[in-house]
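Numbering starts at 1 and runs along the sequence shown. In listed order, ligands and their atoms are each counted from 1.
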Amino acid sequence: MTNPIVRFAPSPTGNLHVGNVRTALINWLFAKAHNGKFILRIDDTDTERSTPAYEAAIREDLTWLGLSWQATFSQSDRFAMYDAAAADLKQRGLLYPCYETADELDRQRKLQRARGKPPIYNRAALELSANEIADLEAAGRTPHWRFKLSGNRVSWTDLVRGEQTIETASLSDPVLIRADGSYLYTLPSCVDDIDAGITHVVRGEDHVTNSAAQIELFAALNARPPQMAHTPLLVDVDGSGLSKRIGSLGVATLRERGIEAMAICSLLAKLGTSDNIDLRDTLAKLADEFDFAKIGRAPARFDGADLRALNRSIIHNLPFEAAQPRLAAIAPEAANPDFWQLVKQNCDIVEDAAKFIPVAFGDIAPVIEDEDRDFIRTAAETLPAGEIDETTWKVWTGVLKTQTGRKGRNLFMPLRKALTGLDHGPDVGALLVLIGRERVLKRLL
Ligand code: GLU
């Protein structure tokens, strides 16, 4: 394969959610796998709804995920190109003015449905005489502009969906320019894809119908269409489509919740593919394993529990240096390598360490059951003299075993609950060193 050139083309009208990120990631991995180029295109032709803040957030999220781009541009800088393409299409009669209002179109569609006909635009505008157009314009109507589809069959071999055929006669001529003069993404996207030499358009399957129109648009603009790949959508575990919940599951939110970038990328790269969902350390590794042929046709089910499990695997092996800034943000004393080494096995996210900070460095409410009171008193009396070190726990529990006859859970659980206030957590013997003699005795007495 020649080196592919792909693009991710978000509209800066909201934050990136996991569905967008999956599209970005698949484009990125495909480019990486074949020494290609990944372009970030900002689809901001809708100047009303696009904001610089959303654009900045998109760039920040992609950067955090490691999805770096080799080139980037914004559609709002390129209106002259789109105007030129539109003028050319108009001149050739392929882009024609329509004057129907939204209400009129709505009524038309209802009527068609009532007659059992598909609600396809009836091309009445093509029949308007020059006089009728002049009257409409004199009455203050401004046109929106539709692209005239050929009515032929459009076919392509989709890298995910296989052979695709769409009868363009079954589609309405798509509106390319709104009545206010603004562009929908359809035409700018083709103009940009041609200009940037895009070899593969990779996006969600909600764009399949657009692809038929765009393939005709590429031809109308004298270009060969790129190859296409349409991935099944991401759905919530309950299968209900990209629900509001997942839809609003933004990358920034996940990051704030302590989820690591590689947990997100590992999950989104493998979801809905024939590979198992397993953690990968690097995007390069995910790219090595990437293949469109592995992507199935069924919707990919996004499960937060999978994400958490992947995150846990990262955290369990996360070096102190990586956790340090976030530990310090919770509490300065938590940025301690011994503490991190000890607690990370009990954390799904770095921030879970917070639970053990008072245990190691502060005050807790010891839990001592009535039946354990004598035992805990004996424990306080037999704590080996001197500063606590790595050997203390073994010596201490050895003595306690002999003196009280307790062993196993009966011996260890009351100590854990008294010393940590919890019935689970890191190794108590190792924690003891961090807790220190003074606080150990305070918790036991
Ligand atoms: N801005 C479009 C979208 O987000 C781009 C679609 C495409 O990738 O061509 O839906």
Original post:
Is the distance between the ring centroids of H207 and Y185 less than 6.0 Å?
Top reply: yes
Original post:
Are the ring centres of F361 and F339 closer than 6.0 Å?
Top reply: yes
**OP:** Starting from atom 4 (O) of ligand 1, locate the nearest protein heavy atom and write down its residue, its atom name and how far away it is, to 0.1 Å.
**Re:** A9 O, 3.4 Å
**OP:** Could you find the nearest protein heavy atom to atom 8 (O) of ligand 1 and give me its residue, atom name and distance?
**Re:**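 Ranked first by proximity to atom 8 (O) of ligand 1 is R7 NH1, 2.8 Å.
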Original post:
Considering only heavy atoms from C-beta outward, does the side chain of R41 approach that of D192 to under 4.5 Å?
Top reply: yes
Atom indices of ligand 1, in the order listed, that fall short of 4.0 Å to a heavy atom of [X]:
| X | value |
| --- | --- |
| D43 | 1 (N), 2 (C), 5 (C) |
| H207 | 3 (C), 6 (C), 10 (O) |
| S11 | 1 (N) |

Subject >> Min N/O separation R203 to ligand 1 under 3.5 Å >> reply: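 For ligand 1, there is an N or O atom that lies under 3.5 Å from one belonging to R203.
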**OP:** Tell me whether the guanidinium CZ or amine NZ of R146 lies under 6.0 angstrom from the six-membered ring centre of Y121 and within 45° of its axis.
**Re:** yes
Original post:
From L67 CG over to W64 CH2, what is the distance, rounded to the nearest 0.5 angstrom?
Top reply: 10.5 Å
